[in-house]
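The sequence lines fix the lettering, A, B, ..., with proteins before strands; numbering per chain opens at 1.
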There are 2 protein chains.
Amino acid sequence: MRDPIEEEVLQNIRPTEEERHEVFEMGQKLIEAVREIAGVPAMMTGSVARGTWVRGDKDIDIFMLFPPTLSREELQEKGLAAAYGVVAKFNGSSEEKYAEHPYLNAVIEGFDVDLVPCYHVESTAEMKCAVDRTPFHTRYLLDRIDGLQDDVLLMKQFSKGGGVYGSDHMTGGFSGYLCELLVLAYGGFNALLQAAAKFRFGEVIDIEGFYPDKKTIRKLFSEPLIVIDPTDKTRNVAAALTPTRFSEFMELARDYCARPDSCYFIPDSPTSISKEEFAETLEMRGTTTLALSFKTPAYVPDTVVPQLRKTMESIKNQLTAEDFHVHRAEVAMGADHCLILFELLVADLPTITLRNGPPVWVHDNADKFVDKYLRENPFAGPWIEEDRYYTEVERKYRHASDLLADKQMILSGSIGKHVRISMEEEYTILKNEDIWSPEFTFFLSAYFAKSSHAVRKLRVLEHQ
Amino acid sequence: MRDPIEEEVLQNIRPTEEERHEVFEMGQKLIEAVREIAGVPAMMTGSVARGTWVRGDKDIDIFMLFPPTLSREELQEKGLAAAYGVVAKFNGSSEEKYAEHPYLNAVIEGFDVDLVPCYHVESTAEMKCAVDRTPFHTRYLLDRIDGLQDDVLLMKQFSKGGGVYGSDHMTGGFSGYLCELLVLAYGGFNALLQAAAKFRFGEVIDIEGFYPDKKTIRKLFSEPLIVIDPTDKTRNVAAALTPTRFSEFMELARDYCARPDSCYFIPDSPTSISKEEFAETLEMRGTTTLALSFKTPAYVPDTVVPQLRKTMESIKNQLTAEDFHVHRAEVAMGADHCLILFELLVADLPTITLRNGPPVWVHDNADKFVDKYLRENPFAGPWIEEDRYYTEVERKYRHASDLLADKQMILSGSIGKHVRISMEEEYTILKNEDIWSPEFTFFLSAYFAKSSHAVRKLRVLEHQ
């Protein structure tokens, strides 16, 4: 017997019979159209093919299976031509997108349809590009997941509720395929969560038993969760899951098992913060917050956000190297602007700083060091401590904002390509309440908020 | 031919014939008096015995050699009685002092005389206490150092000039015995300095060839300079030499060899700083300087200074742990007061700080952490990062001076015995120019000064 809480969730997320019928019918029509227009077979993939989609998420993925004898150019050419033909046949609208090669994202009879060309290969070992793997996933799951569709829906909705669903770079959470494999591996949603409550880093799941033991697998993969792809033993399906999202999932699972509640299936509603509240919060914290603001590059979040994070790390290291202690740092990608935010314990420092010199037995360097710093600066030093010279010198940046404004210095760091282009054009430094803008009210509110899984845990603790 | 610079130095520091004669005569009289009064043999030890004392430093050490059949109590009793007898015989004045056991420091006919009881053993292997070793040093050097006395004097004066002479804890430099062994090992002052200019950490000198090779010795001793005691192969004569003093000596040697000058034999004259200059210097540096001040314990510097340093390290660690970045720290032992000084880059911090929590899979601790920090504080968190919980909390000490004033916290650290007693009674916190007092004008001046060996190096560099 399914828990009443879960049954109620399912009633809200399970696709209706009508929806199932419509989706299946549309899929069949598209597959036939591909055969008719391009003369190649096609298949529905993804959650709609497996009946494991959460109500409303009914995007139809159609993979068009071209012979592997085609070159990449031919595949792209024929694939796109076929896709355009299909869209035209149904009087749909479309937009070209790009994964490993171009595909068509179309709206056809109210459905969101991806028409993706790939190679029709016999096994994953013969794959010619990454998208070739997708049909294998569908073929693998199609029979096996039967009877577990509800469990998959619960797992997906539970992950959405906890903010750990989605294998995009922004989230770094659980992909739909990963959810399905986990449910399959444990035989159901509840069994999976009970296991997950006791997970640790280095968890290994090898459904097909490709490897003799877990030790062998842990030598090959280093991620905290290792789920061997049953269609390709060289791949960890959970490779994109970040350690943080995995830990959050473990805690959510533990808390849910201790005290099941429908709240775990409902994502947080984002809250916003007004400029006044923002200023008050900063005042209470006592820190100095600085942000770099620049135009958002015209690329998808999955491209831009990792670049923002890389840039943030680079600048954070520069700040730390100059003695500005970063309390926290965060990035935001708005529609118009990006923010890279640094909250500092200290934003202003005294004139003086310490400089390490060479070991005394590197004679030339020691002489140069003494020569330079004995004459050129008004502070103490050089002196010897243990085996090295040290000296006091004048600090390069007395204010963190001076460092951030040093464009040459900032851009000398490790910065993502598109972010660099935008920053090279222009970036501005914002301080404290000036960071607030209507574009970032949700982001800035979330920055100060308690984390949602912790708030949920408190519910459990309060009832113990 | 001796370098004219060195010859001139020698003329100023070599004991005169008259001085030699007086010292020798006085020594003989004291040895005879010991035999007469206590019925045991005695010997002169130290530099006066070996003719290697720098003019003026004519302290006479008389070791009274008692049979090893005596108990420690008997040795102390008979030893002190004999010493008092000797002093009385010459109508001298005396004061009891304490090394491993009590001895008498006396003024006899204008000489500073130490009368030390020890056991008359056949070899250092049979030693019953550390002072028993001293006579062996004298016996070992007496013949061997003949002809090298001038070289020893130069080495001693060179070490004094560079501030690296003396094996007391305050200096951590070269003892007289170490100077003599080094000169002996290299066959002269110039050869020693030429070797020292190329020294590195892990230098090994085994005059008697006790060990098969340097590798064996380096396994047994870890100090940067290892000079095997020719009278006791288990002892490194340079054990008390600090890495810093050793490095300074290497640099002084290198600079002297490059450009010999009499300045290397002249210690720096201490400079003082006025309250106004002190305030101006602090202003220019921009740092915040805080000091703990308390009554000087009634013990010798060799006891108190290491305790001050230990206390300084302990408090420095406490400051660092609370995010107060210590730029430099120093101790001073005045006649009346001790200072432990901390120069801080930042003395005031914002309300907020980060606290690390447990890994998520330590379930009980994770629950307690969330329970506590979700309710009890107004800041963000707890949240998960990688495998751990973190949270923001209110900082315990917003001002470094609050931490220093927290007597219980400060005294919970690792603090030397006598310093602790004085601090328990009372200590005060001084800030910036209030740290200045007439007692510390030399110390505070030295704190800001260029190091003397670096200033000397510049002379060399300017002539290149």
Enquirer: I'd like to know whether B/Y389 forms a side chain to side chain contact (heavy atoms under 4.5 Å, CB included) with A/E251, so could you lay out the CA-CA distance, the side-chain angles of the two residues, the decisive distance to 0.1 Å, and finally the verdict.
Expert: CA-CA 11 Å; B/Y389 273 102; A/E251 285 290 85; 2.6 Å; yes
Enquirer: What part of A/K450 lies closer than 4.5 angstrom to a heavy atom of chain B: side chain, backbone, both or neither?
Expert: both
Enquirer: So does A/G381 get a backbone contact from the side chain of B/S451, meaning a donor-acceptor N/O pair under 3.5 Å?
Expert: no
Enquirer: Checking heavy atoms, do the side chain of A/P224, its backbone, both or neither come under 4.5 Å from chain B?
Expert: neither
Enquirer: Sort out for me which of B/L458, B/T391, B/T288, B/T244 touches chain A most, counting heavy-atom pairs under 4.5 Å.
Expert: B/T244
Enquirer: What residue, out of B/T287, B/L345, B/T351, has the most heavy-atom pairs lying under 4.5 Å from chain A?
Expert: B/L345
Enquirer: How about NE2 on B/H169, more than 12 heavy atoms from neighbouring residues, nucleotides or ligands closer than 6.0 Å, or not?
Expert: no
Enquirer: Evaluate side chain to side chain contact (heavy atoms under 4.5 Å, CB included) for A/R254 paired with B/D367, printing each intermediate quantity in order.
Expert: CA-CA 11 Å; A/R254 187 161 69 88; B/D367 289 348; 2.8 Å; yes
Enquirer: Pair up each side-chain donor or acceptor in residues 356-363 of chain B with any protein partner under 3.5 Å, not counting sequence neighbours, and list the distances.
Expert:
{"residue": "B/H363", "atom": "NE2", "partner": "A/A197", "partner atom": "O", "Å": "3.4"}

Enquirer: Go through B/R388, B/E385, B/R328, B/R395 and name the one with the most non-hydrogen pairs under 4.5 angstrom from chain A.
Expert: B/R328
Enquirer: Using the salt bridge (charged side-chain N to carboxylate O under 4.0 Å, His left out) criterion, which residues pair with B/D387? Sequence neighbours excluded.
Expert: none
Enquirer: Please look at A/S452 and chain B and tell me whether the side chain, the backbone, both or neither of the residue comes under 4.5 angstrom of a heavy atom of that chain.
Expert: neither
Enquirer: Under a 4.5 Å heavy-atom cut-off, does chain B meet the side chain of A/R245, its backbone, both or neither?
Expert: neither
Enquirer: Could you name the residues of residues 442-449 of chain A that have a heavy atom within less than 4.5 Å of a heavy atom in chain B?
Expert: A/Y447, A/F448, A/A449
Enquirer: Applying a criterion of heavy atom separation less than 4.5 Å, what residues of residues 276-286 of chain A form contacts with chain B?
Expert: A/M284, A/R285, A/G286
Enquirer: Please state whether the side chain, the backbone, both or neither of B/E392 comes within less than 4.5 Å of a heavy atom of chain A.
Expert: side chain
Enquirer: What closest approach, in Å, do A/P382 and B/A454 show between heavy atoms, and which atom pair accounts for it?
Expert: O-CB, 3.6 Å
Enquirer: Quick check for you: to the nearest 0.5 Å, what is the distance between A/E386 atom CD and B/T242 atom OG1?
Expert: 8.0 Å
Enquirer: Under a 4.5 Å cut-off applied to non-hydrogen side-chain atoms, are B/H325 and A/H325 in contact?
Expert: no
Enquirer: Hey, mind stepping through B/L349 and A/H327 against side chain to side chain contact (heavy atoms under 4.5 Å, CB included) and telling me if it holds?
Expert: CA-CA 11 Å; B/L349 286 170; A/H327 173 65; over 6 Å; no
Enquirer: Do NZ/NE/NH1/NH2 and the carboxylate oxygens of B/E462 and A/R375 come within less than 4.0 Å?
Expert: yes
Enquirer: Any idea which of A/F199, A/F201, A/F379 has the most non-hydrogen atom pairs under 4.5 angstrom with chain B?
Expert: A/F201
